[in-house]
Number of protein chains: 2
Amino acid sequence: MRAALQILDDDGLPDLTMRRLAAALDVQPSALYWHFPNKQSLLAELADRIVAPAAPPRPAEGSSSSNTRAEAGALRDALLAYRDGAEVVSSTLALGLGSSAARDRLTAAIIADGYDADLARRAATALLHFVIGHVSHEQQRMQYDSLGVVVPDLSLSPQRDHDDASEFAFGVDLLVGGLEQNGSPRSPAQTHRPGAH
Amino acid sequence: MRAALQILDDDGLPDLTMRRLAAALDVQPSALYWHFPNKQSLLAELADRIVAPAAPPRPAEGSSSSNTRAEAGALRDALLAYRDGAEVVSSTLALGLGSSAARDRLTAAIIADGYDADLARRAATALLHFVIGHVSHEQQRMQYDSLGVVVPDLSLSPQRDHDDASEFAFGVDLLVGGLEQNGSPRSPAQTHRPGAH
DNA sequence: ACCTGAACACCGTTCAAGT
DNA sequence: ACCTGAACACCGTTCAAGT
């Protein structure tokens, strides 16, 4: 795991191959298959380690939706801490393998902000998709910037002064805003569009 | 492109290799490199074709945020129309290659619902991340379901009756709700958290 | 318990050469 | 203009065999 995180951070996810990892450990590639059934499970464990330090400052009651915002920010920080961190978590998230910790933590934060558990779970899913998508985008742009690739800036985009952090906060605010108006804190569970099913 | 979409839909993105595509066209793999500089650009063009039919029903003025909701739904449908469609678009989205059509169309829909252009662009980015993340998740679950893989259902999730469509609608509603309270239609541009930089 | 050696069945990409 | 042939430098994974 330590060696894998090293390779990931130094050279990126595409270079994190079983053969390269084996070489870093002075071992034959086949040796890794005694410790992990396959590459996917190795990545899943890596994802857990990346998400793990995403502990939010502290649970605070009262201030509106502050726990949710803090948790989203902490998760972003955790993903940004390793190169291609978002991509690693994204790849394992869909498999049901690992990284449910991220969703669980977001859910807990939303509940701590006073929302019903079922609503919280669904909102956490939406928030998680946004967070991973956004950070993934950030990191891929970083990679292309560092490679000197001229990424064609969106042709008709006049100002590009919103930096990543504020754009991230904007997205979180949209979701939190929707949350606050949909099921307001301490209200019973309520579906968003009655009769939609 | 036709052959590539065929392979994608029949066997999924992992099986869409240059060699397999060449074989389907009765051609040597190297022949493809006369038509495309590399695999990435081939995928980018594929992504454009997948997103293309995402035309929303019709622009309607008046009903609150209906254009945005319709466009998001149309985009979801387009991604679902091909196996691993979301993954294809996701992979090219970050590169700045192609698939800016999706963001542009979402932006246009939000503007049509009466929002300021700058706000619309940032909201479209957030919405796009959610849509792609959600559909990507849906499709990966499909793949594992069809393979008979027992995906460990979230341990402490009592009811799992919200189907994908309604969960998708819920996420869209959250973002649209946040949009409605943040910068209400026809109001001038306004930052979300003054002094946040 | 943990690893090696050797193989299997693949990849994307390049490039001289053909027609 | 469009393609072949042949190669380069890789992949993930399996499995008998070693210690």
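Proteins come first, then strands; the chains are lettered A, B, ... in the order of their sequence lines, and each starts at number 1. Since the model is a prediction, treat every value here as computed from it, not as a measurement.
- Straight-line distance from the CG atom of L13(A) to the P atom of dC11(D): 13 Å, rounded to whole Å.
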Stepwise side chain to side chain contact (heavy atoms under 4.5 Å, CB included) check, I110(B) with R121(B): CA-CA 8 Å; I110(B) 297 172; R121(B) 256 188 302 267; over 6 Å; no

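- The C1' atoms of dA16(C) and dC3(D) are separated by 13 Å, rounded to the nearest whole Å.
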Intermediate values then yes/no, side-chain hydrogen bond (donor to acceptor under 3.5 Å, both in side chains), D104(A) and T107(A): CA-CA 5 Å; D104(A) 292 346; T107(A) 304; 5.3 Å; no

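- One can place CG of L21(A) at 15 Å from C1' of dT13(D), the figure rounded to the nearest angstrom.
- As rounded to whole Å, 12 Å separates atom C1' of dT14(C) from atom CE of M18(B).
- Base-pair partner of dA6(C): dT14(D) (Watson-Crick or G-U wobble, both distances under 3.5 Å).
- Going from atom CZ of R20(B) over to atom P of dT13(C) covers 18 Å, rounded to whole Å.
- Atoms CG and CG, from L119(B) and L174(A) in turn, are 7.0 Å apart once rounded to the nearest 0.5 Å.
- Spacing of P atoms, dC10(C) relative to dA9(D), comes out at 22 Å, to the nearest Å.
- For H137(B) and H129(A), the ring centers are positioned less than 6.0 Å apart.
- Nucleotide dA1(C): paired with dT19(D) (Watson-Crick or G-U wobble, both distances less than 3.5 Å).
- In this model, no donor atom of one side chain and acceptor atom of the other lie less than 3.5 Å apart for D113(A) and S65(A).
- Taken from CG in L16(A) to CG in L46(A), the straight-line distance is 6.5 Å, to the nearest 0.5 Å.
- Using a 4.0 Å cutoff on non-hydrogen atoms, the parts of residues 23-43 of chain A near DNA chain C are V27(A), Q28(A), S30(A), A31(A), W34(A), H35(A), ordered by number.
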